[in-house]
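What follows is a short report on a single structure.
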Amino acid sequence: IDPIATAIVPADPMVRFASYLATSALLALGAVSHAAVTRKQFYPAAIYLTTAKANVVILGNFAFMLAVVLAKTLQSAFFGELRRDEVEEVVHKAKYAVMETLFALTIFREELDMRVLVLFSELVFLKVFHWLARMRVDLIARSHGLPWLVHLRLQMLLLVLVAADVAVSGLMVLQLMAHPGP
């Protein structure tokens with residue numbers, strides 16, 4: 001075992017995640033602080049943050065980190081600890097779903113922007129929770145004598161997923177009505 005590598009990269013996944021969280025937050029804070037100090041007004045600072053490539057990468061990484069924190073929080077609230085087979089199936093399905101969607105997005109190269117990236121991330125986020133909910137429903141159907149809290153958490157998750165599906169569908173219909181295609 002390389003002592004330098006073990007000193008640099010902690011073995012515990014929670015420690016690694018916490019260091020990623022802290023690094024992302026500090027970098028984002030540094031980018032925003034630098035923009036605020038070098039540009040005295042809000043609008044030039046906002047333009048600088050959204051056009052400088054390094055800032056876009058730093059803030060995009062920060063947004064990704066926030067999405068991961070949200071996903072871990074929701075996963076903990078609705079599922080508790082995930083079982084090994086659930087994690088493996090989600091990773092397996094996610095690989096193919098992400099690749100298929102990215103291939104489909106290549107058709108619309110000219111229209112790719114931050115909005116499409118956010119919608120793509122939202123799609124993957126919701127798909128993963130739909131897959132997990134389906135796996136848990138199957139598990140509960142096969143199991144007997146589970147505590148009522150397990151059923152309540154799953155019912156709350158299903159309600160949240162239905163509300164999210166309805167909200168996203170409604171927003172897409174409104175978007176299509178506001179900007180009819182060619």
Side-chain angles (χ1 to χ4, degrees), residues 2-78 82 87 90-91 94-95 97-130 132 160-161 163-182:
D2 185 13
I4 296 173
T6 55
I8 294 172
V9 179
D12 184 21
M14 289 306 293
V15 173
R16 286 188 308 190
F17 183 68
S19 63
Y20 167 68
L21 239 131
T23 305
S24 297
L26 287 174
L27 284 172
L29 181 65
V32 171
S33 298
H34 180 264
V37 168
T38 58
R39 278 106 179 128
K40 298 297 182 196
Q41 296 176 341
F42 174 77
Y43 186 73
I47 295 297
Y48 174 69
L49 285 172
T50 58
T51 55
K53 290 182 182 182
N55 290 335
V56 171
V57 170
I58 289 170
L59 294 178
N61 180 59
F62 183 70
F64 175 75
M65 184 266 310
L66 289 177
V68 170
V69 168
L70 176 65
K72 284 190 166 291
T73 303
L74 291 175
Q75 175 250 312
S76 176
F78 290 124
L82 291 179
V87 172
V90 165
V91 168
K95 275 193 285 188
V98 168
M99 290 307 295
E100 288 172 1
T101 308
L102 288 176
F103 283 137
L105 286 176
T106 60
I107 297 170
F108 308 105
R109 281 191 303 267
E110 295 80 28
E111 290 87 24
L112 289 180
D113 57 1
M114 193 58 71
R115 182 178 163 275
V116 173
L117 179 63
V118 169
L119 289 173
F120 171 72
S121 302
E122 180 184 356
L123 172 72
V124 172
F125 190 85
L126 288 174
K127 274 183 139 181
V128 167
F129 277 96
H130 277 86
L132 287 171
V160 168
L161 288 175
D165 291 343
V166 169
V168 169
S169 299
L171 287 173
M172 291 302 110
V173 167
L174 290 174
Q175 182 73 22
L176 286 173
M177 289 172 45
H179 303 288

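Heavy atoms only, all atoms of each residue included: R39 and A45 are closest at CB-N, 3.8 Å. When all heavy atoms of L49 and A31 are compared, the closest pair comes out as CD2-O, 3.6 Å. Between V90 and L132, the shortest heavy-atom contact is CG2-CD2, 3.5 Å. Across F62 and A25, no two heavy atoms sit closer than the pair CE1-CA, 3.8 Å. Listed here is the closest heavy atom pair of L112 and V116: CD2-CG1, 3.6 Å.
Atoms CG and CZ, on L21 and R16 in that order, are 14.0 Å from each other to the nearest 0.5 Å. With rounding to the nearest 0.5 angstrom, the CZ atom of F120 is 14.0 Å from the CZ atom of F125. Rounding to the nearest 0.5 Å places CD of Q41 at 12.5 Å from CD1 of I47. With values rounded to the nearest 0.5 angstrom, N55 atom CG is found 9.0 Å from T50 atom OG1. Here the OG1-CG distance, from T73 to L66, works out to 10.5 Å after rounding to the nearest 0.5 Å. Annotation: the span from N61 atom CG to Y20 atom OH amounts to 3.5 Å, rounded to 0.5 Å.
No side-chain heavy atom of K95 sits less than 4.5 Å from a side-chain heavy atom of M99. Between F78 and V160 there is a side-chain heavy-atom pair separated by less than 4.5 Å. Taking the side chain as every heavy atom from C-beta outward, V118 and R115 never approach each other to under 4.5 Å.
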Checklist line | T101 and V124: CA distance, side-chain angles, deciding distance, side-chain contact (heavy atoms from CB on, under 4.5 Å) verdict | finding: CA-CA 9 Å; T101 308; V124 172; 5.7 Å; no
Next item on the list: Show your working on side-chain contact (heavy atoms from CB on, under 4.5 Å) between M114 and L117 and close with a plain yes or no.
Entry: CA-CA 5 Å; M114 193 58 71; L117 179 63; 3.9 Å; yes
Next item on the list: Would you sort out whether F64 and L59 count as a side-chain contact (heavy atoms from CB on, under 4.5 Å), showing the intermediate values?
Entry: CA-CA 9 Å; F64 175 75; L59 294 178; over 6 Å; no
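Residues H130 and D165 bring a donor and an acceptor atom of their side chains to less than 3.5 Å of each other.
The aromatic rings of Y48 and H34 are tilted relative to each other, their planes meeting at an angle between 30° and 60°.
Checked by atom type and distance alone, the side chain of S19 pairs as donor or acceptor with a backbone atom of V15 at under 3.5 Å. The main-chain N or O of V166 is never found under 3.5 Å from a side-chain atom of S169 such that the two would form a donor-acceptor pair.
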